[in-house]
Asks: 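Let me give you the structure first, and then I'll get to my questions.
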Number of protein chains: 2
Amino acid sequence: MDHPPQKLLDLDRFLPYRLAVLAARVSRRLAREYADEFGIDIAEWRIIAHLAGGEVVSVRDIHARVNLEKPRVSRAVERLALRGLVDKTASAADGRLVELRLTGPGRALYEKIVPRALSLEARLLDVLTHREREILDRALSKLDGRIGAGL
Amino acid sequence: MDHPPQKLLDLDRFLPYRLAVLAARVSRRLAREYADEFGIDIAEWRIIAHLAGGEVVSVRDIHARVNLEKPRVSRAVERLALRGLVDKTASAADGRLVELRLTGPGRALYEKIVPRALSLEARLLDVLTHREREILDRALSKLDGRIGAGL
DNA sequence: TGACAATTATTTCGTTTGCAACGAAATCAT
DNA sequence: ATGATTTCGTTGCAAACGAAATAATTGTCA
């Protein structure tokens, strides 16, 4: 008796797998660069990038906005504060909140990182046509919306 | 004196960030499903999926092929072997190698997982038009090729 | 052949991770 | 007001991670 005909699943064509592998490779690459050149990790980078927007934000804001678990934000912020890159003061209005802002050195570091980050992104996107970039952009947004909406 | 004009970087438009967030969300969703329904994690799933191809492979093959670090493969394989889902025997030809193959129960589990995995993928892809899927497919391949080639 | 290099899988070990629990502070309900 | 509930940030802790070390086997070449 033969095996029943079975629909095989090719991992290399399986979207969740492809996304995970690509994202891991890109993140690893970025992480190495950030670590070697600037001594920060991905969580710290995301926090700095978010703070560079200028608004005063709390740990929770970052947690909600930048896809990092609260403990991870808390510890990363602590490291950044110890290095003087981020200013961390208790909110006067609400004693539970912490007001986070980029310091001068923090902004200086940010401005050194940005060109590197954009350059890496540009080199990546280089392999795509303009139209492919457009559609990739839209597709990622749609997928993210879908997965965000409970599936 | 004002700040010098500074090119801001919007995280939400930064490809590495978008990929990381989307992949993390999708993976987390899959991981929960695999854990709840089948008691396996992502690494175990990848190994099973790869073994389902039928060839006899080694730990190293999986490591190279499926983007998992060697220790992770080693431990995941060990767990699968303890549960009788994978057969693990030393190679006669080369004593350093381990020959891995799916057992009957292993294949049975695989065949239960596949429809779930494909269903989730389908529900994701549902939000994309046919053309968007095509281009997303090509774009991911191109990007992966690029990052693979040292960038 | 025999010493040395290379390869494979595992293990070790220090770090990171993230869930859960906590204390402090604010908000709500009565 | 006062007590209960909720929100915020941090911390404790067990598990996971991964780089490097190790053990076992094979390959090389003098």
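In this text, all values refer to a predicted model and were calculated from it rather than measured experimentally. A, B, ... follow the sequence lines: proteins, then strands. Residue 1 opens every chain.
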Asks: Heavy-atom nearest nucleotide on DNA chain D for A:Pro71 versus B:Glu69: which residue maps closer to 5'?
Replies: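 Between the two, 5'-proximity favours A:Pro71.
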Asks: Taking salt bridge (Lys or Arg N to Asp or Glu O under 4.0 Å) as the definition, give me every residue that meets it alongside B:Glu121, ordered by chain and number, with sequence neighbours left out.
Replies: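 Salt bridge (Lys or Arg N to Asp or Glu O under 4.0 Å) check on B:Glu121 returns nothing, list empty.
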Asks: B:Glu37 and B:Lys112: salt bridge (Lys or Arg N to Asp or Glu O under 4.0 Å), yes or no, with the steps?
Replies: CA-CA 10 Å; B:Glu37 316 267 342; B:Lys112 278 201 306 183; over 6 Å; no
Asks: What is the distance from NE2 of B:His63 to C1' of C:dT10, rounded to the nearest Å?
Replies: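 Nearest whole value for this atom pair: 14 Å.
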Asks: Checking B:Arg101 now: which residues fulfil salt bridge (Lys or Arg N to Asp or Glu O under 4.0 Å) with it, not counting sequence neighbours?
Replies: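 Checked B:Arg101 against salt bridge (Lys or Arg N to Asp or Glu O under 4.0 Å); matches are B:Glu99.
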Asks: Remaining members of A:Leu82's ILVMFWY cluster at a side-chain heavy-atom cut-off under 4.5 Å?
Replies: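 Reading the cluster by chain and number, A:Leu82 sits alone, since nothing else belongs.
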Asks: Sequence neighbours left out, what pairs pass ring-ring contact (aromatic ring centres under 6.0 Å, His included) with at least one residue falling in residues 13-43 of chain A?
Replies: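 Of all non-adjacent pairs touching residues 13-43 of chain A, those that pass ring-ring contact (aromatic ring centres under 6.0 Å, His included) are A:Tyr34-A:Trp45.
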Asks: My understanding is that only residues two or more places apart in sequence, or in another chain, count here; which of them pass side-chain contact (heavy atoms from CB on, under 4.5 Å) with B:Ala24?
Replies: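 So B:Ala24 forms no side-chain contact (heavy atoms from CB on, under 4.5 Å) with any residue.
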Asks: Mind jotting down which residue pairs meet the side-chain hydrogen bond (donor to acceptor under 3.5 Å, both in side chains) criterion with at least one end in residues 48-59 of chain B? Sequence neighbours excluded, please.
Replies: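 Sorted pair list: B:Ser58-B:Asp61.
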Asks: Nearest whole Å is fine: how far is C:dT17 C1' from B:Arg72 CZ?
Replies: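 About 12 Å, once rounded to whole Å.
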Asks: Going 5' to 3' on DNA chain D, which nucleotide is the first and which the last to come under 4.0 Å of a heavy atom in chain B?
Replies: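 Boundary nucleotides touching chain B, in 5' to 3' order, are D:dC17 to D:dT26.
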Asks: Can you pull out the residues from residues 31-57 of chain B that lie within a 4.0 Å heavy-atom distance of DNA chain C?
Replies: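 Going residue by residue through residues 31-57 of chain B, none turns out to have a heavy atom under 4.0 Å of DNA chain C.
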Asks: What I want to check is whether an N or O donor and acceptor connect the side chain of B:Arg96 with the base of C:dT7 at under 3.5 Å.
Replies: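 Flag set: donor-acceptor pair detected.
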Asks: Only counting residues at least two apart or in another chain, list the ones meeting salt bridge (Lys or Arg N to Asp or Glu O under 4.0 Å) with A:Asp12.
Replies: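 B:Arg65.
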Asks: Could you tell me whether the phosphate oxygens of C:dC19, OP1 or OP2, come under 4.0 Å of any side-chain nitrogen or oxygen in B:Arg28?
Replies: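 Checking B:Arg28 against C:dC19: at least one side-chain N or O falls below 4.0 Å of OP1 or OP2.
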Asks: In whole angstrom, give the distance that lies between atom CG of A:Leu68 and atom P of C:dT16.
Replies: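 These atoms are roughly 15 Å apart.
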Asks: With sequence neighbours excluded, what pairs up with B:Asp137 under the salt bridge (Lys or Arg N to Asp or Glu O under 4.0 Å) test?
Replies: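 With sequence neighbours excluded, B:Asp137 shows a salt bridge (Lys or Arg N to Asp or Glu O under 4.0 Å) to A:Arg18, given in chain and number order.
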Asks: Side chains of A:Tyr110 and A:Leu51: closer than 4.5 Å at any heavy-atom pair?
Replies: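 Of all side-chain heavy-atom pairs linking A:Leu51 with A:Tyr110, none is under 4.5 Å.
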Asks: Just how far, in rounded Å, is P of C:dC19 from NZ of A:Lys70?
Replies: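 One finds 11 Å between P of C:dC19 and NZ of A:Lys70, rounded.
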Asks: Near DNA chain C, which residues from residues 73-89 of chain B have a heavy atom under 4.0 Å away?
Replies: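 Within this stretch, B:Ser74, B:Arg75, B:Lys88 sit under 4.0 Å of the strand.
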Asks: Pair up each side-chain donor or acceptor in residues 144-151 of chain B with any protein partner under 3.5 Å, not counting sequence neighbours, and list the distances.
Replies:
| residue | atom | partner | partner atom | Å |
| --- | --- | --- | --- | --- |
| B:Asp144 | OD1 | A:Arg25 | NH1 | 3.0 |
| B:Asp144 | OD2 | A:Arg25 | NH1 | 2.8 |
| B:Arg146 | NE | A:Arg123 | O | 2.8 |
| B:Arg146 | NH2 | A:Arg123 | O | 3.1 |

